[in-house]
Amino acid sequence: MNSCIYNGEVTHTRFKPVRHFLKYKTFSILIDLDEINQLDKSIGIFSHNKFNIFSFYDKDHGDRDGGNLKEWVILNMKKFNIKENITNIKVLCYPRIFGYVFNPLSIFYCYENLNLKAILYEVKNTFNEQHTYIFPVDQNSKIITQHCNKKFYVSPFIDMETDYNFRLTEPVERLKVYIK
C-alpha cells in the first residue's frame, strides 16, 4: 500500500490588517489513485464516491464532474507541456467526514515509476472556485520549491497581486508542506 494518513498541524500567520496567528492539529490522507478501490473494499469506515464516516469523492477534485482523476491530471500536464510518462498519481487532501469537506489545497504527486516528475496544486476558495498550478519537479533537491503568481481570489486578507511560494518534501514517512 502506498496510501496513508499523515498526522500534522496547520499554522497560519497574518500580518495585516491585524496580526493574527492560529495553530491546530489535523490529519490529511495521501491516496494512491490506483489503490482507491482497494481502500474502499478493505477499510469499513472509508468509501470511494459514496457516503461513509470518511470518504473520497472524485467530484471534489479535478473538473468536479466525477470523472477519472488520473486522466484529468495527465491531460492537465499535457496542457502545461509536461510530457512525462506518468505511471502513478497520489493526492494529498482532506477526506470527507460524514459527507462534509473543504480542501483549500490538494496536492497531486505525479510519478514516472518511482521518480517524482511533477506536482499539481489544486487551490480552492470558499466560493467553490478553484485554480490549478502545475510544475515539473527537479529530482536533485530534497526540498521542492516552486513559485507562481496567484491567479484568483482566495481571501480578503491576501492581495490579488501576490505570489505563492510552495516548499514541500516528497511524501514518505514524513511530509512537510509550506505555502507562503
Side-chain angles (χ1 to χ4, degrees), residues 1-8 10 26-40 42-43 46 48-49 55-96 101-125 129-152 154 162-180:
M1 277 282 180
N2 292 310
S3 302
C4 65
I5 298 173
Y6 285 105
N7 291 313
V10 171
T26 189
F27 73 95
S28 296
I29 56 174
L30 180 75
I31 294 182
D32 183 323
L33 294 179
D34 291 331
E35 296 176 349
I36 197 157
N37 291 325
Q38 182 182 353
L39 294 170
D40 180 69
S42 62
I43 301 172
F46 176 82
H48 179 219
N49 289 329
S55 54
F56 180 91
Y57 279 73
D58 294 333
K59 69 181 181 181
D60 293 335
H61 303 279
D63 284 331
R64 297 201 183 182
D65 61 359
N68 184 297
L69 288 178
K70 192 168 183 178
E71 291 174 6
W72 175 81
V73 170
I74 291 168
L75 178 69
N76 275 279
M77 289 179 54
K78 287 178 183 175
K79 287 181 189 175
F80 285 84
N81 287 324
I82 299 175
K83 296 175 175 34
E84 302 293 343
N85 182 27
I86 299 304
T87 56
N88 187 258
I89 298 171
K90 300 175 185 177
V91 58
L92 179 73
C93 63
Y94 294 124
R96 282 186 179 223
V101 70
F102 177 60
N103 274 302
L105 175 67
S106 300
I107 303 173
F108 291 80
Y109 296 87
C110 306
Y111 293 86
E112 180 178 1
N113 300 317
L114 298 176
N115 298 315
L116 183 61
K117 293 295 187 175
I119 295 179
L120 184 150
Y121 301 93
E122 189 178 65
V123 179
K124 299 179 185 111
N125 64 18
E129 299 170 320
Q130 75 181 30
H131 188 77
T132 303
Y133 304 90
I134 302 173
F135 298 95
V137 171
D138 178 9
Q139 285 295 146
N140 298 323
S141 178
K142 291 187 181 194
I143 301 286
I144 301 160
T145 57
Q146 297 164 325
H147 172 87
C148 63
N149 294 325
K150 188 176 105 173
K151 301 289 185 193
F152 78 125
V154 176
T162 192
D163 301 331
Y164 285 127
N165 292 294
F166 300 101
R167 291 187 67 215
L168 61 156
T169 59
E170 191 171 342
V172 287
E173 185 176 323
R174 292 179 172 251
L175 170 67
K176 294 182 180 179
V177 177
Y178 303 97
I179 303 165
K180 188 168 101 173

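Below, all heavy atoms of this structure are taken into account, side chains as well, without hydrogens, waters or symmetry copies.
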If you round to the nearest 0.5 Å, how far is [atom2] of [Y] from [atom1] of [X]?
X    : Y    : atom1 : atom2 : result
E170 : K90  : CD    : NZ    : 7.5 Å
F108 : E122 : CZ    : CD    : 4.5 Å
S3   : I43  : OG    : CD1   : 8.0 Å
N49  : D40  : CG    : CG    : 8.5 Å
H48  : I36  : NE2   : CD1   : 3.5 Å

### Task
Mind running side chain to side chain contact (heavy atoms under 4.5 Å, CB included) on L39 and I31 for me, showing each step along the way?
CA-CA 9 Å; L39 294 170; I31 294 182; 4.2 Å; yes
Compare all side-chain heavy atoms of [X] with those of [Y] and state whether any distance is below 4.5 angstrom.
X    : Y    : value
T145 : N165 : no
T169 : I143 : yes
E35  : N2   : yes

Enclosure of [X] [atom1] (heavy-atom neighbours >12, cutoff 6.0 Å):
X    : atom1 : result
R64  : CZ    : yes
I179 : CD1   : yes
L114 : CG    : no

Distance-only donor-acceptor pairs under 3.5 Å for side chains of residues 77-88, two or more places apart:
from	atom 1	to	atom 2	distance (Å)
N81	OD1	K83	NZ	3.1
T87	OG1	Y111	O	3.4
T87	OG1	N113	N	2.6
N88	ND2	D32	OD1	3.2
N88	ND2	D32	OD2	2.9

Could you pull out the closest heavy-atom pair between [X] and [Y], with the gap in Å?
X    : Y    : answer
C93  : F56  : SG-CE1, 3.7 Å
S28  : L92  : CB-CD1, 3.7 Å
K124 : F102 : O-CZ, 4.2 Å
P95  : F27  : CG-CE1, 3.8 Å
R174 : Y6   : C-CE2, 4.1 Å
H61  : S106 : CE1-OG, 3.1 Å

### Task
Check step by step if side chain to side chain contact (heavy atoms under 4.5 Å, CB included) holds for I144 and F166.
CA-CA 8 Å; I144 301 160; F166 300 101; over 6 Å; no
### Message
As a quick check of understanding, evaluate side chain to side chain contact (heavy atoms under 4.5 Å, CB included) for L168 and I119, giving each step before the final call.
### Response
CA-CA 10 Å; L168 61 156; I119 295 179; 3.9 Å; yes
#### Entry: Check against side chain to side chain contact (heavy atoms under 4.5 Å, CB included), L69 and V91
CA-CA 10 Å; L69 288 178; V91 58; 5.8 Å; no
### From D60, T26, I29, L105, residue fulfilling side-chain contact (heavy atoms from CB on, under 4.5 Å) relative to Y94
T26
### Message
Given W72, which partner from the list T132, D63, D65 fulfils the side-chain hydrogen bond (donor to acceptor under 3.5 Å, both in side chains) test?
### Response
D63
### Message
Checking N125 against H131: is there a side-chain donor and acceptor pair closer than 3.5 Å?
### Response
no
